[in-house]
Q: 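Take a look at this one; I'll ask things after.
Numbers restart at 1 for each chain; the letters A, B, ... are given by sequence-line order, proteins then strands. Computed from heavy atoms alone, side chains included, the values below leave out hydrogens, waters and symmetry copies.
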Amino acid sequence: MSSGLYKALKGMKDIMPPDIHIWQDIEKKAREIFASYGYLEIRTPAVESTSVFIRSIGEDTDIVEKEMYTFQDKGGRSITLRPEGTASVVRCYVENNLHGLPSPQKFYYMGPMFRYERPQSGRFRQFYQIGVEAFGSSRPEIDAEVISMLAHLLSGIGLQELHFQVNSIGCEKCRPGFKEALLSFFEGSFDELCVDCRRRYSQNPLRILDCKVGRCIEIRKGAPSVLDHLCIDCRDHFQKLLELLEMLGIRYTVNPEMVRGLDYYTRTTFEVTSENLGAQNAVAAGGRYDRLVKEFGGPETPAIGFALGMERIVELLKMTLKYDLPAPEVFIAVIGERAGREGVRIVDDLRAGGVWAELGDWTSSLKSQMRRADRLSAGLVFVIGDDEIQSGHVKWKKLADAATGEVRISGIRDFIIEGKQA
RNA sequence: GUGGGCGUAGUUCAACGGUUAGAGCACUGGACUGUGGCUCCAGGUGUUGGGGGUUCGAAUCCCCUCGCCCACCCCA
């Protein structure tokens with residue numbers, strides 16, 4: 001049972017030690033890898049005009065229909081906490097005329113996203129994503145670059161056994177034909193489809209391919225495949241991408257039934273899943289969105305990106321790696337007020353030298369100070385009392401193996417720093 | 001939005017409808033008066049999530065409500 005007057009809102013979590021160190025490691029690794037691929041950080045506001053998201057994500061997607069945190073500000077404007085990152089970055093790209101810079105322009109971002117959903121395992125109302133967006137190239141090489149970068153990031157932080165799926169959902173030229181084909185395929189068995197799929201039939205027939213209801217899975221056997229309906233250009237693009245992925249040694253499967261939940265995707269879509277997560281098993285996903293920049297009032301600019309879900313990655317990492325709390329290098333136990341004052345000086349000096357040092361409380365017993373040092377897993381303990389101040393020499397003890405020694409008080413700082421280097 | 005499971009100490013969990021709701025861990029102090037871990041001893045905490053009802057009597061049964069978890073849906 002929790003105490004206190006307040007709790008975090010439903011679906012929102014505090015991220016604390018020791019977990020926070022996993023988060024920091026992931027973020028650090030991501031920055032390193034993105035840097036080597038030439039992606040630069042971009043930070044956009046967490047709130048945008050509601051229309052930014054409606055326009056990009058799509059009027060009748062679930063996100064827009066029922067999952068957005070939308071409010072009116074005091075000026076009566078409708079504003080929304082971002083449910084994903086791409087829309088904001090595209091808005092930023094267009095607003096700041098970044099297309100005037102040499103193409104392609106490549107960015108990454110990290111931060112919280114918000115969706116008003118019922119929380120469950122791996123799903124939160126405030127969740128964190130790391131994402132990348134590359135603008136200005138329609139070449140399959142950039143698709144491969146983005147996917148390869150994702151693969152390197154995931155393996156770089158120690159995740160194995162992830163499943164890469166790729167697909168192409170065509171462009172504005174070939175998708176209408178495919179929709180037609182789907183509609184006529186399902187026409188005869190329409191009445192047998194589940195309620196949701198009957199709705200999808202008119203709203204977004206591609207999603208029928210993604211339905212998990214047993215009967216619908218039956219019915220769609222033999223349904224037309226997107227891949228058979230791609231136009232020449234899309235087919236060529238996809239083919240080239242697959243060749244590049246082969247060449248890079250990225251293991252993947254082509255899944256023609258993979259459909260993404262955002263309307264802006266064109267051509268390449270991909271998703272990375274894990275078997276160890278429960279129902280919400282996507283750890284990262286992305287795709288190409290060649291029309292969005294234009295939609296936002298910019299010049300025709302092809303683009304591609306992905307986002308990965310921090311909580312899910314952290315969850316996977318916690319299964320295999322053990323993260324300990326960081327521990328101080330030095331603990332100064334002090335006996336008596338005079339030593340207590342001397343201790344303040346010593347830890348301050350050590351800290352100025354970049355050493356994590358903690359000071360005991362001279363009003364509590366040496367035993368309890370030692371116990372605290374032990375609980376903190378401190379590396380070395382120095383015990384200072386009147387005798388030590390008199391003689392200028394102090395004993396140290398290494399908690400791990402109980403080794404002891406002696407050093408001049410004035411030499412503690414050098415002793416520690418040299419010890420670190422050795 | 002729809003289902004299912006669960007709410008007892010800081011934490012993990014006990015308590016056939018029946019005394020004053022207990023135990024491990026953790027925490028603090030001591031045994032060991034200036035050296036941690038191991039052992040032993042001592043110490044404290046609960047509106048049994050909240051509200052109502054049934055009953056002589058409710059942590060226990062019923063209703064409502066809130067919260068958490070899981071799943072559907074959807075997605076990172």
Q: B:U28, OP1 or OP2 - any side-chain N/O from A:S368 closer than 4.0 Å?
A: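 No, because none of the side-chain N or O atoms of A:S368 sits under 4.0 Å from OP1 or OP2 of B:U28.
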
Q: Using atom P of each nucleotide, how far apart are B:U39 and B:A26 to the nearest Å?
A: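 Per the computed distance, 9 Å lies between those P atoms.
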
Q: Would you mind classifying the nucleic acid contact of A:A402 as base, sugar-phosphate or nothing, using non-hydrogen atoms under 4.0 angstrom?
A: base

Q: On a plain distance test, is the side chain of A:R312 in donor-acceptor contact with the base of B:C75 below 3.5 Å?
A: yes

Q: Is any NZ, NE, NH1 or NH2 atom of the basic residue among A:R82 and A:E84 found under 4.0 Å from an Asp or Glu carboxylate oxygen of the other?
A: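 Salt bridge absent between A:R82 and A:E84.
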
Q: When you compare B:G30 with B:A23, how far apart are their P atoms, in angstrom units rounded to a whole number?
A: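 Roughly 24 Å separates the two P atoms.
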
Q: Can you tell which of B:A71, B:C73, B:G36 lies closest to the side chain of A:A279?
A: B:A71

Q: NA contact type, A:A400, heavy-atom cut-off 4.0 Å: base, sugar-phosphate, or nothing?
A: base

Q: Within the modelled atom types, does a donor on one side and an acceptor on the other bring the side chain of A:R375 and the base of B:C27 under 3.5 Å apart?
A: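 Answer no: no donor N or O sits under 3.5 Å from an acceptor.
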
Q: What about A:K397: does its side chain form a donor-acceptor pair under 3.5 Å with the base of B:G36?
A: yes

Q: If I pick the P atom on B:U12 and the same atom on B:U47, what distance separates them, to the nearest angstrom?
A: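 B:U47 and B:U12 have their P atoms separated by 15 Å.
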
Q: Check if the side chain of A:E67 and the base of B:G1 share a donor-acceptor pair of N or O atoms closer than 3.5 Å.
A: no

Q: Is the ring pair A:Y69/A:F114 parallel, tilted or perpendicular, if the boundaries are 30 and 60 degrees?
A: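 Geometry flag for A:F114 against A:Y69: perpendicular rings.
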
Q: Look at the side chain of A:R115 and decide which nucleotide, out of B:A76, B:G29, B:U35, has an atom nearest to it.
A: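 Minimum distance to the A:R115 side chain belongs to B:A76.
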
Q: Calculate the interatomic distance between A:L308 atom CG and B:A76 atom P; express it in whole Å.
A: 11 Å

Q: Using atom NZ of A:K7 as one end and atom P of B:C66 as the other, report the distance to the nearest whole Å.
A: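 Nearest whole value for this atom pair: 13 Å.
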
Q: Any Lys/Arg nitrogen of A:E315 or A:R312 sitting under 4.0 Å from an Asp/Glu carboxylate oxygen of the other?
A: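 Judged by the 4.0 Å cut-off on N to carboxylate O distance, A:E315 and A:R312 do not form a salt bridge.
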
Q: Under 4.0 Å: is that the gap between some side-chain N or O of A:R118 and OP1 or OP2 of B:C69?
A: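 Checking A:R118 against B:C69: no side-chain N or O falls below 4.0 Å of OP1 or OP2.
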
Q: Got A:F71 and A:V47 here, is their nearest side-chain heavy-atom distance under 4.5 Å?
A: no

Q: Starting at CD of A:Q129 and ending at C1' of B:A76, how long is that distance when rounded to a whole Å?
A: 5 Å

Q: Remember a base hit wins even if backbone is also touched, and classify A:E388 as base, sugar-phosphate or nothing at under 4.0 Å, heavy atoms.
A: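 Base: the residue A:E388, judged by heavy atoms under 4.0 Å, touches a nucleobase.
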
Q: Between B:C66 atom C1' and A:K10 atom NZ, what is the distance in whole Å?
A: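 Rounded to whole Å, this separation is 9 Å.
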
Q: Base, sugar-phosphate, or nothing: which does A:G122 touch, judged by heavy atoms less than 4.0 Å apart?
A: base

Q: What integer distance in Å separates A:L277:CG from B:A71:P?
A: 10 Å

Q: When all nucleic acid strands are considered with a 4.0 Å heavy-atom cut-off, which category describes A:F306: base, sugar-phosphate, or nothing?
A: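 No contact.
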
Q: Kindly say if A:Q120 contacts the phosphate of B:C72, meaning a side-chain N or O under 4.0 Å from OP1 or OP2.
A: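 Checking A:Q120 against B:C72: at least one side-chain N or O falls below 4.0 Å of OP1 or OP2.
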
Q: Hey, are A:R91 and A:E95 close enough for a salt bridge, meaning a charged N less than 4.0 Å from a carboxylate O?
A: yes

Q: When you check the phosphate oxygens OP1 and OP2 of B:C68, does a side-chain N or O of A:K13 lie under 4.0 Å from one of them?
A: no

Q: Rounded to whole angstrom units, what separation is found between the CD1 atom of A:I63 and the C1' atom of B:A76?
A: 10 Å

Q: Does a salt bridge link A:E141 with A:K240, judged by any charged N lying under 4.0 Å from a carboxylate O?
A: no

Q: Using a 4.0 Å heavy-atom cut-off across all strands, classify A:V283 as base, sugar-phosphate, or nothing.
A: sugar-phosphate

Q: Answer with base, sugar-phosphate or nothing: what part of the nucleic acid does A:A373 contact at a heavy-atom distance below 4.0 Å?
A: nothing

Q: Any strand is fair game: report the nucleotide pairing with B:C72 by Watson-Crick or G-U wobble, both distances under 3.5 Å, or none.
A: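 Its partner is B:G1 (Watson-Crick or G-U wobble, both distances under 3.5 Å).
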
Q: Using every non-hydrogen atom in the two residues, find where A:Y116 and A:M68 come nearest and quote the distance to one decimal.
A: CB-O, 4.4 Å

Q: Remember a base hit wins even if backbone is also touched, and classify A:T61 as base, sugar-phosphate or nothing at under 4.0 Å, heavy atoms.
A: nothing

Q: In whole angstrom, give me the gap between the P atoms of B:G57 and B:U20.
A: 14 Å

